[in-house]
Amino acid sequence: MGERIGFIGLGNMGGRMTRRLAEAGHTVLGYDPVPERSAEAGARAAASVAEVMAGSDHVLLSLPNSSVIERVVLDPGGVLESGRAGQIVVDLSTAAPSSSIRLHAALAERRIEFLDAGVSGGAAAAEKGALTVMVGGSAQALATLDRVFAAIAEKVVHMGGSGAGHTTKVLNNFLNAVSLSATAEVMLAAKKADLDLSLVLDVINASSGVNFATRNRFPRIVRGDYLEGGLTSSLMTKDIALYVDCLHELGVPSLAASGPLAAFGLANSLGYAEQISNRVVDALGDVAGGVRLHDGGTGDPR
Ligand code: NAD
């Protein structure tokens, strides 16, 4: 028998993780302000956060940012007020570590365990149940949810105490932002230099410039496939801002953040905010005189 799992926030990531949990035999009770998302993901729909807390053994969150997470946890009728001792709440969002540490402390007073768990791999890995998860908080609580994590992840790593999971996630995502925006620039330059883009990627992937974007994103983007359904430009911008705040709190200077902040800020301003962040290459291409890496493809969804 699976467990009764509550899931709050069934968007691109949460919906796919919910589907995996349901397929692994867990009963999932979902809550999202867009009510049909629960049924679409194979969950029973709850009408409120309180209903999810009452009807679940443990509860997972996948929400846009820390201010939404704080409201869902701390507002009247939220996770804190309607949860019960012994429940484990796992926040699978990308969130501010300092906020996650505060929520952990508030929930601990009611003996509700809070794990901050960054997930990596995007929509494609969520779909296959092959995410990488980096977890902060009690190792014992993590072990209790062994079978739950097994349904959504290929690799689960306990990073340390409260905040360690979300800190690791914020550091990783910054490198993702750097490699995506820098590769977008490079590929536009290659296009304007009349180079064969497939050959350029082939050579980079066997050279020192290789990165996640050259390996996994641009071979598809040059054919007009933007890998829709993944992280949007507005969420990417949030991740970079989290990184800058995090480094400020740690007293480490960030000299590398201005490039990706400008690139994704430009994408947001040009109307790509709710498109997949891979569209940053089109935003830069607009400014470079309407350049696209591909002929045709999926077109402009703005
Ligand atoms: P999304 O916008 O598709 O999903 C967020 C969901 O939360 C939506 O369905 C929305 O209706 C719901 N929601 C908003 N306010 C709510 C509330 N008050 N109560 C309940 N539900 C509420 O975003 P996503 O792409 O699924 O990302 C979710 C989180 O995971 C973000 O923190 C993101 O940074 C992180 N993340 C995303 C990816 C990715 O590739 N998309 C990868 C790793 C981590």
Side-chain angles (χ1 to χ4, degrees), residues 2-9 13-14 17-18 20-21 24 26 28 31 49 52-53 56-75 78-121 125-126 129 131-174 238-239 242-243 245-246 249-250:
E3 300 204 63
R4 294 180 314 153
I5 300 300
F7 211 115
I8 300 174
M13 297 298 285
M17 290 189 264
T18 295
R20 294 297 310 179
L21 289 163
H26 301 286
V28 190
Y31 172 71
V49 170
V52 172
M53 296 308 292
S56 309
D57 298 320
H58 305 295
V59 177
L60 313 186
L61 317 177
S62 179
L63 294 164
N65 57 48
S66 286
S67 59
V68 175
I69 297 161
E70 287 181 9
R71 287 205 302 277
V72 164
V73 174
L74 302 175
D75 273 6
V79 169
L80 178 66
E81 192 180 276
S82 50
R84 56 187 184 280
Q87 274 180 317
I88 303 169
V89 176
V90 185
D91 184 9
L92 300 157
S93 323
T94 304
S98 52
S99 166
S100 306
I101 291 168
R102 282 197 300 278
L103 295 178
H104 180 275
L107 289 164
E109 285 188 20
R110 299 205 52 208
R111 293 201 294 117
I112 300 168
E113 204 63 68
F114 185 79
L115 299 177
D116 53 284
V119 302
S120 189
L131 291 161
T132 297
V133 189
M134 44 214 103
V135 186
S138 152
Q140 198 185 339
L142 175 58
T144 304
L145 295 184
D146 219 16
R147 291 191 49 227
V148 171
F149 281 104
I152 60 171
E154 212 163 70
K155 187 176 174 76
V156 182
V157 183
H158 183 241
M159 299 304 303
S162 173
H166 281 164
T167 300
T168 308
K169 172 66 181 160
V170 166
L171 298 180
N172 171 77
N173 277 26
F174 179 64
K238 171 201 76 168
D239 289 355
L242 286 176
Y243 173 80
D245 284 349
C246 198
E249 283 166 20
L250 293 169

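- In plain terms, the two heavy atoms of Ile101 and Gly163 that are nearest each other are CG1-CA, 3.8 Å.
- The closest donor-acceptor contact from the side chain of Asp116 to the backbone of Ser162 lies at 3.5 Å or more, if one exists at all.
- At least one donor-acceptor pair under 3.5 Å links the side chain of Gln87 to the backbone N or O of Met53.
- In this structure, the side chain of His158 engages the main chain of Gly137 through a donor-acceptor pair within 3.5 Å.
- Side-chain atoms of His58 never come within 3.5 Å of backbone atoms of Ile5 as a donor-acceptor pair (strictly under, hydrogens ignored).
- Side-chain atoms of Asp239 never come within 3.5 Å of backbone atoms of Leu242 as a donor-acceptor pair (strictly under, hydrogens ignored).
- A donor-acceptor pair under 3.5 Å is formed between the side chain of Lys169 and the backbone N or O of Val119.
- Pairing each heavy atom of Ser120 with each of Leu131, the nearest pair is O-CD2, 3.4 Å.
- Between His104 and Phe114, the ring-plane angle classifies as perpendicular under the 30° and 60° cut-offs.
- At a threshold of 4.5 Å between non-hydrogen side-chain atoms, the residues Val73 and Leu61 count as touching.
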Going through the distances and angles, do Val90 and Val148 end up as a side chain to side chain contact (heavy atoms under 4.5 Å, CB included)? CA-CA 11 Å; Val90 185; Val148 171; over 6 Å; no
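- When all heavy atoms of Arg147 and His26 are compared, the closest pair comes out as O-NE2, 3.6 Å.
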Worked check of side chain to side chain contact (heavy atoms under 4.5 Å, CB included) between Tyr243 and Leu171: CA-CA 6 Å; Tyr243 173 80; Leu171 298 180; 3.9 Å; yes
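- A distance-only check finds a donor-acceptor pair linking the side chain of Ser66 to the backbone of Ala96 [under 3.5 Å].
- With hydrogens and angles disregarded, a donor-acceptor distance shorter than 3.5 Å links the side chain of His166 to the backbone of Asp91.
- For Ser138 (side chain) and Ala141 (main-chain N/O), a donor-acceptor pair under 3.5 Å exists by modelled atom type.
- Judged by distance alone, the side chain of Arg110 and the main-chain N or O of Glu81 form a donor-acceptor pair under 3.5 Å.
- The heavy-atom pair separating Met17 from Ser62 by the smallest distance is CE-OG, 4.1 Å.
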Steps toward side chain to side chain contact (heavy atoms under 4.5 Å, CB included) verdict (Met13, Leu92): CA-CA 9 Å; Met13 297 298 285; Leu92 300 157; over 6 Å; no
